[in-house]
There are 2 protein chains.
Amino acid sequence: MAKGRVTVIDIAKAAGVSKSTVSLVLQGSPLVNEGTRSKVNAAMRELGYVYNRGAANLRQAGAKSKIIGVVVNDLTNGFFAELAVGVDMVVQSAGFVQFLSNTSESIDRQREVIASMREHGISGLIVSPARATESVDFKPLVAAGIPVVVVVRNLPGAKVSSVVSDNQGGTSAAVEHLASLGHTRIAFLGGFPDTAVFEERLEGYVDGLKAAGLGFHEELVVSSAPSRAGGVDAIGRAMTMSDRPTAAVCFNDAVAFGVCDGLRARRMEPGRDFAVVGFDDVIEAQTAVPALTTVSVDPQGMGRRTAQLLLKQINAGKAEPESVTTAVRLVVRESCGAAQKKAGRKTA
Amino acid sequence: MAKGRVTVIDIAKAAGVSKSTVSLVLQGSPLVNEGTRSKVNAAMRELGYVYNRGAANLRQAGAKSKIIGVVVNDLTNGFFAELAVGVDMVVQSAGFVQFLSNTSESIDRQREVIASMREHGISGLIVSPARATESVDFKPLVAAGIPVVVVVRNLPGAKVSSVVSDNQGGTSAAVEHLASLGHTRIAFLGGFPDTAVFEERLEGYVDGLKAAGLGFHEELVVSSAPSRAGGVDAIGRAMTMSDRPTAAVCFNDAVAFGVCDGLRARRMEPGRDFAVVGFDDVIEAQTAVPALTTVSVDPQGMGRRTAQLLLKQINAGKAEPESVTTAVRLVVRESCGAAQKKAGRKTA
DNA sequence: TTAAATAATTGGAACGTTCCAAATTTGTCA
DNA sequence: TGACAAATTTGGAACGTTCCAATTATTTAA
């Protein structure tokens with residue numbers, strides 16, 4: 001009992017049929033007689049059989065491994081955790097299982113992790129690439145016919161599918177909204193300038209200014225780490241200028257929270273004395289005080305979307321690279337001052 | 001090229017040796033001559049060989065699958081994400097790969113996920129059990145000789161190892177600290193009473209009161225969902241009583257943040273008008289305003305510790321169940337009022 | 001009834017690796 | 001130089017599954 005593993009042969013013997021029949025039952029083939037089927041199932045239950053997927057994959061030697069790999073660059077960031085959960089949902093319900101790994105933005109780690117996943121025979125890969133990932137890293141995968149879809153961060157040169165949110169549209173909408181509230185000095189705060197996401201969001205910011213008939217002032221763009229601490233830093237620098245902004249679109253919610261912290265440290269109340277808008281709509285955004293106006297990207301939905309795309313490609317055998325950008329919407333809450341009945345925003 | 005997979009036989013042929021030799025190289029055996037080793041390695045690089053772990057596992061038919069399964073009950077909770085990252089760190093550096101899944105507190109999902117992991121031949125399992133998990137769920141695993149360690153939430157009946165934080169010691173320390181600041185009406189806010197963690201933390205709360213020479217008053221324990229919203233709710237109910245508390249130890253940081261929100265909604269400033277202490281020391285605790293005094297459990301360290309324990313058991317072949325409780329420490333920041341120079345805490 | 005068709009079942013032969021025992025090469029010492 | 005030891009290398013035979021072609025049992029149609 002505690003000896004060897006229970007195999008199809010054991011249950012074949014127990015059920016008085018051949019191993020082939022057992023295999024048929026395992027795959028739910030319609031060829032097998034109802035009676036034998038239940039006899040076999042009973043034997044399986046009896047002996048505590050567990051399917052050996054490794055052996056099966058070996059024979060099938062194909063895209064049928066039922067494992068899909070997911071690698072994210074920062075699991076501790078709620079956004080990515082949420083994304084992974086979204087992926088897991090659809091992947092799981094399609095009978096696949098998720099192989100999740102975290103790279104912590106390390107490109108070496110990413111390489112290791114992907115190599116390991118290949119060895120395990122994943123039938124598809126979803127990656128939110130670490131910074132500075134090069135498209136060549138995915139070459140071997142696509143050459144081997146393994147569908148890959150990158151998510152969140154696009155990878156210019158790579159011939160793989162991608163799912164990114166409408167960064168440009170998001171910040172553009174945020175700026176227009178602030179402008180409609182009467183703001184004219186609107187800053188863009190936080191984020192590292194050398195990333196595709198930053199570029200897109202900044203572009204949207206510029207678009208928004210143009211659409212609102214406002215001029216672009218370079219000094220109103222202040223970059224920083226895309227973190228809460230970075231936000232504190234950015235607003236600090238922004239407030240030193242002579243002609244201060246009265247509102248800010250932030251690179252992401254973490255930065256926005258930092259900006260709020262920084263404002264309070266200066267005895268200014270976000271939403272009353274200064275308007276701030278975030279990006280991502282992390283879970284804390286709605287419960288924070290004040291509730292954060294932000295661009296909602298629904299990471300979980302994005303994860304689901306990504307997984308669906310990947311599954312489609314897996315089933316299609318070999319699909320064309322496809323890129324989808326997911327819609328985004330501005331969620332107006334308190335931090336931009338719009339919810340306040342009083343018309344006045346006081347410039348500090 | 002795009003035809004069949006490259007196998008050991010292919011590279012054996014290319015390198016002019018036998019498949020056995022290639023296998024030896026693969027395993028880094030010292031038996032093979034340096035010259036042949038490099039010849040083989042060259043051939044592998046040349047042909048783009050990828051190791052087929054499935055086939056290997058099949059033959060080795062043992063605990064050598066190099067996969068360890070990790071299942072958590074709520075990945076979107078930063079605490080668990082952090083835990084998973086900690087696990088991944090040590091697991092990865094030991095040459096294993098992590099198979100992470102999320103159950104969203106669904107016990108059915110948990111069962112599915114674990115079954116799937118078994119089919120894939122994991123050589124060990126780390127579980128943060130979903131609520132209402134029964135010890136019998138792990139029976140088959142341990143019967144099959146697969147090491148299991150539960151983490152965060154203990155599982156009374158199960159003969160498996162566990163790693164939990166010193167919940168009791170944590171709340172006890174928190175209460176004593178509040179008492180030392182002069183508080184006498186200290187509440188315990190938030191959490192579901194039917195969980196082991198709640199029980200332990202509550203017990204610590206009682207211990208702390210006793211140690212400080214304060215009496216236990218049942219009405220000062222108000223449970224709620226262990227979330228931010230739950231915290232708002234709990235403090236709301238706490239403030240309706242005639243003899244109000246002046247301080248609170250919260251079930252976790254999420255609750256603590258909710259309590260802060262609720263206080264502000266009542267025009268009270270946490271840390272000045274009311275002392276609040278959290279539990280977990282989530283990443284936001286230090287940057288929040290006011291910075292949250294909390295019991296730090298270092299989830300990442302806990303994850304590392306857990307992984308180490310599991311690896312030890314895997315290597316030892318079959319190890320005795322072992323339970324470790326990880327140390328915890330009170331991090332005094334602003335929300336309990338201690339950092340303030342002025343002696344006065346005003347009771348509301 | 002029987003031939004033909006259909007439904008169920010079944011032995012191998014793979015799949016890509018590791019292990020074993022045995023074979024081969026190389027080196028050492030009298 | 002021969003004999004022995006050490007260092008390398010090597011063919012199968014597994015591992016647990018699926019697939020294929022072939023066999024056997026059961027219906028159906030005439």
Side-chain angles (χ1 to χ4, degrees), chain A residues 3-41 43-44 47-67 116 118-123 144, chain B residues 3-41 43-44 47-67 116 118-123 144:
Chain A
K3 276 289 170 55
R5 210 185 213 300
V6 178
T7 81
V8 277
I9 302 205
D10 296 320
I11 70 163
K13 216 165 292 177
V17 296
S18 78
K19 60 181 166 42
S20 304
T21 305
V22 176
S23 174
L24 257 7
V25 172
L26 246 16
Q27 316 175 240
S29 161
L31 296 198
V32 0
N33 182 297
E34 259 335 299
T36 27
R37 184 194 304 282
S38 52
K39 220 168 30 180
V40 169
N41 281 325
M44 293 206 288
L47 301 188
Y49 172 73
V50 331
Y51 186 67
N52 184 334
R53 225 168 261 274
N57 291 344
L58 185 54
R59 189 52 172 80
Q60 308 184 158
K64 319 189 72 182
S65 83
K66 291 301 187 182
I67 303 182
S116 175
R118 271 202 81 186
E119 293 185 355
H120 282 287
I122 53 172
S123 44
Chain B
K3 277 288 171 55
R5 209 183 215 300
V6 179
T7 82
V8 277
I9 303 205
D10 297 320
I11 70 165
K13 216 166 292 177
V17 296
S18 79
K19 61 180 168 38
S20 304
T21 304
V22 176
S23 175
L24 258 5
V25 172
L26 245 18
Q27 314 175 238
S29 162
L31 296 198
V32 1
N33 182 295
E34 259 334 301
T36 29
R37 182 192 304 282
S38 53
K39 217 165 38 179
V40 169
N41 280 325
M44 293 205 290
L47 301 188
Y49 171 72
V50 331
Y51 186 67
N52 185 336
R53 227 169 261 273
N57 291 345
L58 185 52
R59 187 53 172 79
Q60 309 184 155
K64 318 190 69 180
S65 84
K66 292 300 189 180
I67 303 183
S116 174
R118 273 201 81 186
E119 293 184 355
H120 283 287
I122 53 171
S123 44

Undergrad: Which nucleotide sits closest to the side chain of Leu58(B): dG16(C), dT9(D), dT17(C)?
TA: dG16(C)
Undergrad: Side chain of Thr7(B) only, heavy atoms from C-beta on: which candidate in dG16(C), dT18(D), dT9(C) is closest?
TA: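 Ranking dG16(C), dT18(D), dT9(C) by closest atom to the Thr7(B) side chain puts dG16(C) first.
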Undergrad: Rounding to an integer number of Å, can you tell me how far Asp10(B) CG sits from dT17(C) P?
TA: 9 Å
Undergrad: Kindly say whether, by distance alone, the side chain of Arg59(A) makes a donor-acceptor pair under 3.5 Å with the base of dT17(D)?
TA: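 No such pair is found, so the answer is no.
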Undergrad: Can you tell which of dC19(D), dA8(C), dT17(C) lies closest to the side chain of Asn52(B)?
TA: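 The nucleotide sitting nearest to the side chain is dT17(C).
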Undergrad: Which nucleotide, dT17(C), dT18(D), dT8(D), lies nearest any side-chain atom of Leu26(A)?
TA: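 Side chain of Leu26(A) sits closest to dT18(D).
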Undergrad: For Gly28(B), does its backbone N or O pair with a side-chain atom of Arg37(B) as donor and acceptor, under 3.5 Å?
TA: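 No.
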Undergrad: Test your reading of the model: is there a side-chain donor-acceptor pair from Arg5(A) to the backbone of Val50(A), 3.5 Å cut-off?
TA: yes
Undergrad: Pull out every residue in residues 16-24 of chain B that has a heavy atom closer than 4.0 Å to any atom of DNA chain D, ordered by number, or say none.
TA: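 Contacting residues: Val17(B), Ser18(B), Lys19(B), Ser20(B), Thr21(B), Leu24(B).
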Undergrad: Working to the nearest 0.5 angstrom, can you tell me the gap between Arg53(A) CZ and Ser116(B) OG?
TA: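 With rounding to 0.5 Å, CZ (Arg53(A)) is 6.0 Å from OG (Ser116(B)).
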Undergrad: Is a donor from one side chain sitting under 3.5 angstrom from an acceptor on the other, for Ser18(A) and Thr21(A)?
TA: yes
Undergrad: Ignoring hydrogens and geometry, is there a side-chain-to-backbone donor-acceptor pair from Asp10(A) to Thr7(A) under 3.5 Å?
TA: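 Answer holds: yes.
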Undergrad: Can you see if the side chain of Thr36(B) gets near the phosphate of dT8(D) - specifically, an N or O under 4.0 Å from OP1 or OP2?
TA: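 Thr36(B) to dT8(D) OP1/OP2: no side-chain N or O under 4.0 Å.
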Undergrad: What is the separation between atom CD on Gln27(A) and atom C1' on dT10(C), rounded to the nearest whole Å?
TA: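 Whole-Å distance recorded here is 15 Å.
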Undergrad: Starting at atom CZ of Arg53(A), determine the distance to atom C1' of dT17(D), rounded to an integer number of angstrom.
TA: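 The distance from CZ of Arg53(A) to C1' of dT17(D) comes to 12 Å, rounded to the nearest Å.
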Undergrad: Which nucleotide, dT9(D), dT17(C), dT18(D), lies nearest any side-chain atom of Val8(B)?
TA: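 Selected nucleotide: dT17(C).
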Undergrad: Are a donor atom and an acceptor atom from the side chains of Gln27(A) and Ser23(A) found within less than 3.5 Å of each other?
TA: yes
